[in-house]
Amino acid sequence: MSYEILKKQVKSDKLQNMFHFFGEEVYLKQHYLGILKEKLSGDFPEFNLIEFEGEVSQQDIDVSFNTPPMMSDKKLVIFKDTGIFKAGSKCKDAFKDAVENAADYLYVIVYDDEFDKRNAAYKAFAAKCLSVDFERRGRADIKAW
């Protein structure tokens, strides 16, 4: 269901500010990540696109959430496989606070398959995001493509 909502939002250009991508279908995750990067980083991705892969620090979170976009009205921050929603994450409190106080110009994508739904950071993020499960597609779906 959330996959269909994502497709509609992309088609209409009315996007939510936060997304969580997870699931087995890697091609679709990469495809929609690319589309959102193109739509949200604007004409100056070198200023308005911040990508993290692997471990992040509190300072990374603070700087990425609190610096305004340059020469654009949007800024995109991507957290890919950072483990921020795992039980032992050191930055979960900083991420939770940042999400709760995020500016309207900020778009956030968390691209992570490992998460604990009981985690406070995940709960704060889930309340504001579109959580998209890119589950394995069946033969009928693939044939329709």
Side-chain angles (χ1 to χ4, degrees), residues 1-65 67 69-92 94-96 98-100 102-145:
M1 184 65 166
S2 58
Y3 173 71
E4 295 301 322
I5 294 169
L6 175 65
K7 282 175 42 177
K8 286 178 185 174
Q9 285 187 12
V10 167
K11 193 172 188 176
S12 69
D13 275 338
K14 294 180 183 174
L15 299 168
Q16 285 187 232
N17 285 61
M18 299 188 188
F19 297 90
H20 179 208
F21 289 178
F22 64 97
E24 294 180 65
E25 196 64 61
V26 176
Y27 170 77
L28 283 177
K29 283 193 291 188
Q30 290 288 355
H31 175 71
Y32 279 99
L33 182 64
I35 288 172
L36 292 179
K37 273 177 153 178
E38 187 177 309
K39 286 183 177 281
L40 298 173
S41 60
D43 294 333
F44 300 98
E46 58 273 7
F47 297 122
N48 300 313
L49 172 62
I50 301 173
E51 293 184 78
F52 297 105
E53 190 164 354
E55 195 170 318
V56 294
S57 68
Q58 280 186 308
Q59 183 179 4
D60 292 336
I61 293 168
D62 289 340
V63 169
S64 64
F65 273 75
T67 54
M70 294 185 69
M71 298 180 277
S72 178
D73 59 344
K74 299 174 189 168
K75 178 179 171 185
L76 176 60
V77 182
I78 299 171
F79 295 90
K80 189 171 182 184
D81 298 323
T82 59
I84 205 143
F85 298 140
K86 285 184 175 179
S89 174
K90 297 174 187 173
C91 302
K92 62 185 172 196
F95 189 81
K96 177 184 174 281
V99 165
E100 289 174 343
D104 291 337
Y105 60 77
L106 185 69
Y107 290 82
V108 179
I109 300 172
V110 176
Y111 184 109
D112 205 336
D113 288 326
E114 295 183 33
F115 57 96
D116 182 359
K117 288 186 177 183
R118 298 169 297 173
N119 183 312
Y122 180 79
K123 287 179 182 179
F125 189 67
K128 292 188 169 195
C129 81
L130 175 62
S131 190
V132 184
D133 183 0
F134 290 95
E135 59 193 3
R136 185 172 301 279
R137 301 290 169 211
R139 287 181 185 243
D141 294 329
I142 293 171
K143 198 173 187 179
W145 287 347

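Side chains of Ser57 and Lys90: a donor-acceptor N/O pair is absent below 3.5 angstrom, by distance only.
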Point to revise | Evaluation steps, side chain to side chain contact (heavy atoms under 4.5 Å, CB included), between Val77 and Leu49 | key: CA-CA 6 Å; Val77 182; Leu49 172 62; over 6 Å; no

Point to revise | Audit row: Phe22, Tyr111, ring-ring contact (aromatic ring centres under 6.0 Å, His included) steps and yes/no | key: CA-CA 6 Å; Phe22 64 97; Tyr111 184 109; over 10 Å; no

Review point. Passes side chain to side chain contact (heavy atoms under 4.5 Å, CB included), Ile84 versus Tyr122? Steps please.
Key: CA-CA 8 Å; Ile84 205 143; Tyr122 180 79; over 6 Å; no

Exercise for review: Take Phe19 and Gln9 through the side chain to side chain contact (heavy atoms under 4.5 Å, CB included) test and state the conclusion after the steps.
Suggested key: CA-CA 12 Å; Phe19 297 90; Gln9 285 187 12; 3.7 Å; yes

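Taking the side chain as every heavy atom from C-beta outward, Phe79 and Asp112 never approach each other to under 4.5 Å.
Lys39 has a carboxylate O that lies under 4.0 Å from a charged side-chain N of Asp13, or vice versa, which qualifies the two as a salt bridge. Salt bridge status for Lys128 with Glu100: absent, with no side-chain N to carboxylate O gap under 4.0 Å. Salt-bridge formation is not detected for the pair Asp113/Lys80: no Lys NZ or Arg NE/NH1/NH2 atom is positioned less than 4.0 Å from an Asp or Glu carboxylate oxygen. Ion pairing of Arg136 with Glu24 is present here, as a side-chain N (NZ or NE/NH1/NH2) and a carboxylate O approach within less than 4.0 Å.
Counting heavy atoms of neighbouring residues, nucleotides and ligands inside a 6.0 Å radius, atom CD of Gln30 exceeds 12 of them. The number of heavy atoms from other shown groups lying within 6.0 Å of CD (Gln16) is above 12. Residue Glu46 qualifies as enclosed at atom CD: its count of foreign heavy atoms under 6.0 Å is above 12.
Here the side chain of Asn48 pairs no donor or acceptor atom with the backbone of Leu76 at under 3.5 angstrom. Using modelled atom types, one side-chain atom of Asn119 and one backbone atom of Lys86 make a donor-acceptor pair closer than 3.5 Å. Here the side chain of Ser64 pairs a donor or acceptor atom with the backbone of Ile61 at under 3.5 angstrom. A side-chain donor-acceptor contact under 3.5 Å links Lys92 to the backbone of Ala87.
Classification of the Tyr27-His31 ring pair by plane angle, with boundaries at 30° and 60°, yields parallel. Relative ring orientation between Phe95 and Phe125 is described as tilted, the plane-to-plane angle lying within the 30° to 60° band.
Distance CD1/Ile5 to OG/Ser131: 10.5 Å, rounded to 0.5 Å.
You'll find the ring centres of His20 and Phe85 inside the 6.0 Å limit. Ring centroid separation for the pair Phe134 and Phe21 comes in under the 6.0 Å cut-off.
Tyr107 and Leu15 get closest at one heavy-atom pair: CE2-O, 4.1 Å.
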